[in-house]
Amino acid sequence: MKKISGAEAILRSLVEEGVDTIFGYPGGAIMPIYDNMHIQDHNINHILVRHEQGAAHAAQAYAQVTGKPGVCFATSGPGATNLLTGVTNANLDSIPTVFITAQVPSHLLGSDAFQETDMVSLSMPVTKWNYQITKAEEIPDAIAKAFHFAKTGRPGPVLLDITKDAQINEFDFRYKKIKSIRSYIPKPQLKSTDVDEAIAMIQKSKKPLLLAGHGILLANGRDELLSFVEKTEIPAAVTLLGKSVIPEDNPNYVGMLGMHGNYAPNILTNRADLIIAAGMRFDDRVTGDLKRYAVNAKIIHVDIDEAELNKNIAADLAINADIKEFLKEITPKISYKTDSAWLSEFERLNKIETDKVIKPECFPSTGKIRSGEAIFRLSEQTKGEAIVVTDVGQNQMMAARYYKYMNPNTLITSGGLGTMGFGLPAAMGAQVGQPEKTVVLFAGDGGFQMTFQELGTIFQYNLPVKMMILNNNFLGMVRQWQDLFMDKRYAETIMPTPDFPLMAKAFGINSNIVVERENLDKAIYDMLNTPGPYLLEVKIEQETNVFPMIYPGSAVDEIVLEG
C-alpha cells in the first residue's frame, strides 16, 4: 500500500474497472482530479466536451456500442446539474453509466457555498444508486460498488458526488472489485417450472407473437433469440430500442411495434392468442389503450426487473429472470412450429403498408426529397451495417422505420425520455467507442441546434461522424400533432435555420447541402467516402407526416395508414 490522494485514487480505481475513456468538463471543485490526469500514468483517454449534457449523452452511447459502462466527469453546481438530463435519459433506457461529480469541501456542505448543489437529492429519482463521498478512504469501495450496480441486473446510471477535500486528502490505497453485495440480487434464479409452463402455453397457441425488447440486447442475448425464433418460426416484432436485436432480413422479423411502428405487428397484436414479451416493459407507445391491448392473448412476460412484471399489463405467466438464460433454457426443450397461415397474415398486411406508405415515402417521383427516402438511400449505400444515431422527432421515427439494421446495438436513440439534442453528442460517443465503424447521425434541424456546440469536440478529436440534417424548417413532430389534432395551428413550430454547411465550415468540418433528388445519391456517397467528419444538410418536404400512426387513446389495431 502507498499513500495517495483521493484524486489519484479515483483514477486508479477507474483503471482497475477497465475504464479507458472519460467524457468530461473541468471546473473549480473537480480540479484535483484533472490535475492528476496530467501527472499520473493512467492510460485513460479524456474527451473534452463543450457542455456537460454532451458528456452524459456521449457516455451513454459509448456504453451501448462497447458494452462497457460509460463514464463522465463534471464539476459542482451547474456542471453537475447539466448532467441530469443525460442521467435521466440513461436511467429510462437502462444504460450502464457512471457519473462522477465534484462537490464543495465537506465542511461547507449545507452552507450554500459557491456552486454547492445537493446532487444526491437531485439525482436520487433518476439513478440506480448514488452516494456522496466525504472522505478519501471511501473512494475505492464506493467506485467498486458503483460499477457493480451499473453493470449488473437491469443496468442503469449511478452517480458519485465527491467533495473537494476527499479528492485532496491522502490515504493508504487498496482496490478490490465487488462481486456481490448483501441483499442485492441482480440476477434472479430462473425456475424450471416457469420454463415448462411457458413451453406448454406456446405449444397450445395457434397465433403466437414475440415482442423483443432492449433487454435482449442488454443481456447480450441476441444469438439465443435468433436460435429460438429459427426453431419455432414465431413471428418476432421489436420495440424501438429493440431495433437491431434481429437482422431485418430474417424471415421471421415482422417489424416494429408502437405508435409509428409497422402495420402488421400492431394490427395482429389484437389477433394473437399468445404474446411472449421478452425484455420489454409494455411502454405506453407500444400498447396504446391498455384496456384494449392484446385482448385475445395469453401473456408470457420475461424480465430481469421484477418491478416491470404486471406493472402495465397483467401477465398470465410472469417470469422474473435473465432473458438470455430463459431463451437458452427453453430453446432446446421446445418442439413447436408456427402455422404458416398465421405467418401469411403478416405478409398480407405488410404488403398493404408497403403499397400505401413505404413506396410513396422511399420512392417518390415528384416533390421535394422525403426524409424516409434519404434514410433508405443511405441504408442501401451502407448495406445496413452502420451505427445509426438519431435525435428525437420525425427523424427518429423515420430512421427506425427506413434504415435496415443488420447488426446488434446499431441504433442509438433516446427512447424513454425522448431527448431532443441527444443525437450529436451521442454520435460522438458512439464514434469514440467504435472508431473503426461508420457512425451516421440523423437529426432534425431543431434538435441539432440544441447541442450543436459538440461540433467543436468532433473537430478537436477529428471524429469521423457522418451527420445528416433532415431540414424542413419545422419542429416536425410537434407540427405533425398540430396538423392532425389542432387544425394546423402551427404555434411556435416554424423554425428558420442557420446555414448548416457554413456552420460546419467554421469548425473545419467538410459539408454539403442537397436540394434536388437527382443529387441525393452522390451527396450521400461523398459524405460516406470523405475522410473525417462530414455534415450533409438535406432539404426535405416541409409538411409531411410519419405514418402509420396510432392516435392517442386508440387501440393498437386502430393504427391508421394516412391522416
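Keep in mind the model is a prediction, meaning the values are calculated, not measured.
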Subject >> Sidechain N-carboxylate O distance under 4.0 Å for Lys437, Glu385 >> reply: no
Subject >> salt bridge (charged side-chain N to carboxylate O under 4.0 Å, His left out) partner of Arg370, chosen from Glu541, Glu543, Glu361 >> reply: Glu361
**OP:** Sort out for me which residue in Asn262, Leu561, Ile267, Val560 forms a side-chain contact (heavy atoms from CB on, under 4.5 Å) with Pro548.
**Re:** Leu561
**OP:** Would you check if the side chain of Asp35 reaches a backbone N or O of Met31 as a donor-acceptor pair within less than 3.5 Å?
**Re:** no
Original post:
Thr497 and Phe500: which non-hydrogen atoms are nearest, and at how many Å?
Top reply: CB-CE1, 3.7 Å
**OP:** Test side chain to side chain contact (heavy atoms under 4.5 Å, CB included) on Met477 and Met420 and set out the steps.
**Re:** CA-CA 11 Å; Met477 189 60 84; Met420 286 184 67; over 6 Å; no
Original post:
Quick one: are Glu454 and Arg50 in side-chain contact, heavy atoms under 4.5 Å?
Top reply: yes
Original post:
With side chains defined as the heavy atoms from C-beta onward, is the minimum distance between Gln431 and Ile458 less than 4.5 Å?
Top reply: no
Subject >> For Leu327, the option from Asp223, Leu226, Leu225 that meets side-chain contact (heavy atoms from CB on, under 4.5 Å) >> reply: Leu225
Original post:
Around atom CZ of Phe507, are there more than 12 heavy atoms of other residues, nucleotides or ligands at under 6.0 Å?
Top reply: yes
**OP:** Side-chain contact test, heavy atoms from C-beta onward, threshold under 4.5 Å: evaluate it for Asp20 versus Asn45 and give yes or no.
**Re:** no
Original post:
When you look at OH of Tyr25, are more than 12 heavy atoms from neighbouring residues, nucleotides or ligands closer to it than 6.0 Å?
Top reply: no
Original post:
Should Asn89 and Thr85 count as side-chain neighbours, where that means a heavy-atom distance under 4.5 Å?
Top reply: no
Subject >> Donor-acceptor contact below 3.5 Å, side chain Gln434 vs main chain Val65 >> reply: yes
Original post:
Considering residues at least two apart in sequence or located in another chain, which fulfil the salt bridge (charged side-chain N to carboxylate O under 4.0 Å, His left out) criterion with Lys368?
Top reply: none
Subject >> Side-chain (Glu353) to main-chain (Lys356) donor-acceptor, under 3.5 angstrom >> reply: no
Original post:
Between Leu535 and Ile509, what is the shortest heavy-atom contact and its length?
Top reply: N-CG2, 4.2 Å
**OP:** Give a yes or no on whether the backbone of Phe474 and the side-chain of Asn472 come within a donor-acceptor separation of less than 3.5 Å.
**Re:** yes
Original post:
Any side-chain heavy atom of Ser371 sitting closer than 4.5 Å to one from Phe442?
Top reply: no
**OP:** In sequence, state the C-alpha distance, the side-chain angles, and the governing distance for Met467 and Phe452, and then conclude on side chain to side chain contact (heavy atoms under 4.5 Å, CB included).
**Re:** CA-CA 11 Å; Met467 299 162 273; Phe452 74 84; over 6 Å; no
Original post:
Has the side chain of Asp93 got a donor or acceptor atom that lies under 3.5 Å from a matching backbone atom of Gly416?
Top reply: yes
Subject >> Sub-4.5 Å side-chain heavy-atom contact between Leu455 and Phe448 >> reply: yes
**OP:** Please examine the side chains of Met280 and His214, heavy atoms only from C-beta on, and report whether any two atoms are closer than 4.5 Å.
**Re:** no
Subject >> Spacing of NZ belonging to Lys324 relative to CD1 belonging to Ile216, to within rounding of 0.5 Å >> reply: 11.5 Å
Subject >> Phe485 ring center within less than 6.0 Å of Tyr551 ring center >> reply: yes
**OP:** Apply side chain to side chain contact (heavy atoms under 4.5 Å, CB included) to the pair Leu424 and Gln453, showing each step before the final yes or no.
**Re:** CA-CA 9 Å; Leu424 184 59; Gln453 67 270 15; over 6 Å; no
Subject >> From Leu240 atom CG to Thr413 atom OG1, the distance as rounded to the nearest 0.5 Å >> reply: 5.5 Å
**OP:** Classify the side-chain pair Gln53/Thr451 by whether it contains a donor and acceptor separated by less than 3.5 Å.
**Re:** no
Subject >> Heavy-atom pair of closest approach, residues Asn473 and Asn471 >> reply: N-OD1, 2.8 Å
Original post:
Using 30° and 60° as the class limits, which term best fits the ring planes of His57 and Phe422: parallel, tilted or perpendicular?
Top reply: perpendicular
Original post:
Side-chain contact, heavy-atom cut-off 4.5 Å: Asn36 with Ile10?
Top reply: no
Original post:
Between CG of Leu84 and OG of Ser123, what distance do you get to the nearest 0.5 Å?
Top reply: 7.0 Å
Subject >> Neighbour count >12 (heavy atoms, 6.0 Å) for atom CD, Glu230 >> reply: no
Subject >> Residue list, salt bridge (charged side-chain N to carboxylate O under 4.0 Å, His left out) with Glu373, at least two apart or on another chain >> reply: Arg377, Arg517
Subject >> Check: Met37 main-chain N/O paired with His42 side-chain donor or acceptor under 3.5 Å >> reply: yes
Original post:
Shortest non-hydrogen contact from Ala90 to Thr97?
Top reply: CB-OG1, 3.5 Å
Original post:
Between the side chains of Asp526 and Asn512, does any donor sit under 3.5 Å from an acceptor?
Top reply: no
Subject >> Between CG on residue Leu257 and CG on residue Asn266, distance to nearest 0.5 Å >> reply: 6.0 Å
Subject >> Check: Ile375 main-chain N/O paired with Ser379 side-chain donor or acceptor under 3.5 Å >> reply: no
Subject >> Shortest non-hydrogen contact between Ala374 and Val538, atoms and distance >> reply: CB-CG1, 4.5 Å
**OP:** Evaluate the criterion side chain to side chain contact (heavy atoms under 4.5 Å, CB included) for residue pair Ile550 and Val556; output intermediate values, then yes/no.
**Re:** CA-CA 6 Å; Ile550 302 169; Val556 287; 4.1 Å; yes
Original post:
Counting only heavy atoms not in Glu518, do more than 12 fall under 6.0 Å of its CD?
Top reply: yes
Subject >> Closest approach of Cys72 to Leu83 (non-hydrogen atoms, all atoms of both residues) >> reply: SG-CD2, 3.9 Å
Original post:
Counting only N and O atoms by type, is there a donor-acceptor contact under 3.5 Å from the side chain of Thr127 to the main-chain atoms of Val158?
Top reply: no
Subject >> Gap between atom CE of Met503 and atom CD1 of Ile469 - 0.5 Å precision >> reply: 7.5 Å
Original post:
Looking only at atom types and distance, does a side-chain atom of Lys128 sit under 3.5 Å from a main-chain N or O of Arg154, one as donor and one as acceptor?
Top reply: yes
Subject >> Short side-chain donor-acceptor distance under 3.5 Å, Thr410 and Tyr403 >> reply: no
Original post:
How long is the gap from CD1 on Ile22 to CD1 on Ile100, to the nearest 0.5 Å?
Top reply: 7.0 Å
Original post:
Taking atom types as modelled and ignoring hydrogens, do the side chains of Thr530 and Asn510 form a donor-acceptor contact shorter than 3.5 angstrom?
Top reply: no
Original post:
Would you find a donor on one side and an acceptor on the other, under 3.5 Å apart, between the side chain of Arg479 and the backbone of Thr544?
Top reply: yes
